[in-house]
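Throughout, protein chains are lettered first and strands after them, A, B, ... in sequence-line order, and every chain is numbered starting at 1.
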Amino acid sequence: MLDPRLIRNELATVVKALAARGFQLDEGHLQTLEEQRKAIQARTQELQAERNSKSKNIGKAKAQGEDIQPMLDEVADLGDKLKAAEAELNALQDELNNILMGIPNLPHESVPAGKNEQDNQELRRWGEPRSFDFEVKDHVDLGEQLGQMDFETAAKITGSRFVVMNSGLARMHRALIQFMLDLHSNEHGYTETYVPYVVNADSLRGTGQLPKFEEDLFKLNAEQEYYLIPTAEVPVTNIVRDTIIDASYLPRKFVCHTPCFRSEAGSYGRDTRGMIRQHQFEKVELVQVVKAEDSYNALEQLTANAEEVLKRLQLPYRVMALCAGDMGFSAAKTYDLEVWIPSQNTYREISSCSNFEAFQARRMQARWRNPETGKPELAHTLNGSGLAVGRTLVAIMENYQNKDGSITVPTVLQNYMGGMEIINI
RNA sequence: GGAGAGCUGGCUGAGUGGUCGAAAGCGGCGGUCUUGAAAACCGUUGAGGGUUAAACCUCCGGGGGUUCGAAUCCCUCGCUCUCCGCCA
């Protein structure tokens, strides 16, 4: 959520900044509502003040044994008037709030202009894509030939966009999770965290998935309004919802492995083959809660932490600065890490690292107490994948494939796989 | 599943219809004392909105109701705890 005062006081600037990311804000409508709100709020508060003072007087008079009937007559219709005013105010505030909750974050000044992924800016590359002296296979062919990756069985059990794995691939999948958790908790200073995979609507509103993106989520058909998490970002960031954090606890850095569940509504026909886009996938997520002044340094750090995973796995990648039009709803700035996928002869997203500034913190009232002023201030939140496990597995399979269809195990993973050096039939 | 108790400021916790945004303690901040620190003592200290500043308004788990007036009474939902039952 944007700062309502910013919207009130600098509406034109906000409208312009939102246009940069392709969002049309109905300026006139908002202004009209805001003016009405102001007027009705003032009137409501006057009525409330009148009620408070008159009630107080009645109390005093009664205590002194005076006849209070005339005073009661005087306030007879005040209650109804007040109730009507409050109802009107509530309706207006709900409407304004709905609009506010649907407005995306403003892009940071350093974010490149642009409409879509064509306009993203490549910042740097690491590693040299390997040249193969045989025809490369994609991970689906490799996995099925190994007999360790089975999409048909998964489709029988559930439906499309799921996978069954076993043996070496299943183990490497697990090894990746352990490796990433260890790296970030032991070397990068993150606190390993375990969280619920089912969350309530408040949590999803806090991080920005609701109210606008409900169709991307799996909603449980339960008595409570519960959803499967689309990313660990939701439960982990909401750890600080409705709290005032002591300054000495900042920055807070969490690393958390969870499965992620996405309905992928609206992505029909995209990446239908293989493990690139699944309804269920594992991800190791990095989340930071920091002071406002630190958040852009934290974004660089968090991105570097995610990059380190790719470096240790010796996977070639590039770093993209997303343009304003390609960024997610809540982000002020986003770097995507894209890993080299030989079968597609291109780089594909494997991590997305974003600074949300105070956008999520304002929605979830996540604050810290500034000792200099003694006042609570909104925190800044960030997160990034470190990394998406399924896609990492895909990248390893394809980049480390051998002519005979076996897959060499990256050195850093061998200890996590009981010394296994190669995956074959 | 059944019965009961509770949810109050950063934290603990008092408050059962009016002068309560709310005692007390802890913690925080400022000061006295001290070479410095600790201890002790004194003062100060909830959040949000509003205003040049004030006035004023809202908030005692969420929502609704009763009342001139609600932290306090009623309804409802959520959560926590205790006991019983059931299951692992």
Self-check item: RNA chain B: 5'-proximal contact among A:K54 and A:Q41 (nearest heavy atom)
Solution: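 Going by which nucleotide is closer to the 5' end, it is A:Q41.
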Quiz item: Starting at the 5' end of RNA chain B and moving along, which residue's nearest nucleotide shows up first, A:L78 or A:N90?
Solution: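 It is A:N90 whose nearest nucleotide is closer to the 5' end.
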Could you tell me how far apart [X] ([atom1]) and [N] ([atom2]) are, to the nearest whole angstrom?
X      : N     : atom1 : atom2 : result
A:I245 : B:G28 : CD1   : P     : 19 Å
A:D67  : B:C68 : CG    : P     : 15 Å
A:N97  : B:G49 : CG    : C1'   : 14 Å
A:W368 : B:G10 : CH2   : P     : 16 Å
A:D242 : B:G78 : CG    : P     : 19 Å
A:Y249 : B:G10 : OH    : P     : 15 Å
A:N370 : B:G28 : CG    : C1'   : 13 Å
A:M364 : B:A47 : CE    : P     : 21 Å

Practice problem: To the nearest 0.5 Å, tell me how far A:Y400 OH sits from A:I422 CD1. | Solution: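 Taking OH in A:Y400 and CD1 in A:I422, the distance rounds to 12.5 Å.
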Quiz item: Say you draw a straight line from CD1 of A:I7 to CG of A:L100; how long is it, rounded to the nearest 0.5 Å?
Solution: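 Rounded to the nearest 0.5 Å, the CD1-CG separation comes to 4.5 Å.
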Pair assignment for [N], Watson-Crick or G-U wobble, requiring both distances under 3.5 Å:
N     : answer
B:A39 : none
B:C33 : none
B:G9  : none
B:C83 : B:G2
B:U72 : none
B:A88 : none
B:A22 : none
B:G27 : B:U45

Determine the contact category for [X]: base if any of its heavy atoms lies under 4.0 Å from a base atom, sugar-phosphate if only primed atoms, P, OP1 or OP2 are that close, otherwise nothing.
X      : value
A:R37  : nothing
A:P376 : sugar-phosphate
A:K375 : sugar-phosphate
A:R362 : nothing
A:R43  : nothing

Quiz item: Reading nucleotides 52-59 of chain B 5' to 3', which nucleotides get B (base under 4.0 Å from a protein heavy atom), which S (sugar-phosphate only), which -?
Solution: ----SSS-
Practice problem: Output yes when A:K81 and A:E50 qualify as a salt bridge under the 4.0 Å nitrogen-oxygen rule, no when they do not. | Solution: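 No, A:K81 and A:E50 are not salt-bridged.
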Practice problem: Indicate whether OP1 or OP2 belonging to B:G49 is found under 4.0 Å from a side-chain N or O atom of A:R5. | Solution: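 Yes, A:R5 has a side-chain N/O under 4.0 Å of OP1/OP2 on B:G49.
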Quiz item: Phosphate oxygens OP1/OP2 of B:C68: is one of them under 4.0 Å from a side-chain N or O of A:K81?
Solution: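 No, outside the criterion.
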Practice problem: With the side chain of A:I244 defined as its heavy atoms from C-beta on, choose the nearest nucleotide among B:G10, B:G49, B:U19. | Solution: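 When the side chain of A:I244 is considered, B:G10 is the closest of B:G10, B:G49, B:U19.
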Quiz item: When A:Y296 is tested against each of A:K333, A:E357, A:Q301 for side chain to side chain donor-acceptor pair (under 3.5 Å), which residue passes?
Solution: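 Only match with A:Y296 under side chain to side chain donor-acceptor pair (under 3.5 Å): A:E357.
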Exercise. Would you mind telling me which of A:H257, A:H173, A:R174 makes a side chain to side chain donor-acceptor pair (under 3.5 Å) with A:E282?
Key: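 Exactly one pass, corresponding to A:H257.
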Quiz prompt | Shortest non-hydrogen contact from A:C323 toward A:K115 | solution =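 Closest approach of A:C323 to A:K115: SG-N, 3.9 Å.
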Integer angstrom distance from the [atom1] of [N] to that of [M]:
N     : M     : atom1 : value
B:G27 : B:C11 : C1'   : 7 Å
B:A14 : B:U67 : C1'   : 26 Å
B:C7  : B:C87 : C1'   : 29 Å
B:C79 : B:G62 : C1'   : 10 Å
B:G17 : B:G13 : C1'   : 22 Å
B:C81 : B:A71 : P     : 28 Å
B:G69 : B:U19 : C1'   : 13 Å
B:A5  : B:C74 : P     : 12 Å

Quiz item: Is a donor on one side and an acceptor on the other found under 3.5 Å between the side chain of A:T334 and the backbone of A:G328?
Solution: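 No: the side chain of A:T334 does not pair with the backbone of A:G328.
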Exercise. Establish whether the base of B:G18 is bridged to the side chain of A:K62 by a donor-acceptor pair shorter than 3.5 Å.
Key: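 Donor-acceptor pair under 3.5 Å: yes.
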Quiz prompt | salt bridge (Lys or Arg N to Asp or Glu O under 4.0 Å) contacts touching residues 374-392 of chain A (sequence neighbours left out) | solution =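 Not a single pair qualifies under salt bridge (Lys or Arg N to Asp or Glu O under 4.0 Å).
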Quiz prompt | Residues in side-chain contact (heavy atoms from CB on, under 4.5 Å) contact with A:Q69, at least two apart in sequence or another chain | solution =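 side-chain contact (heavy atoms from CB on, under 4.5 Å) check on A:Q69 returns A:D67, A:L72, A:D73.
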Quiz item: How about A:T381 and A:Q360: does a side-chain donor come under 3.5 Å of a side-chain acceptor?
Solution: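 Their side chains do contain a donor-acceptor pair, which is all the 3.5 Å distance test asks for.
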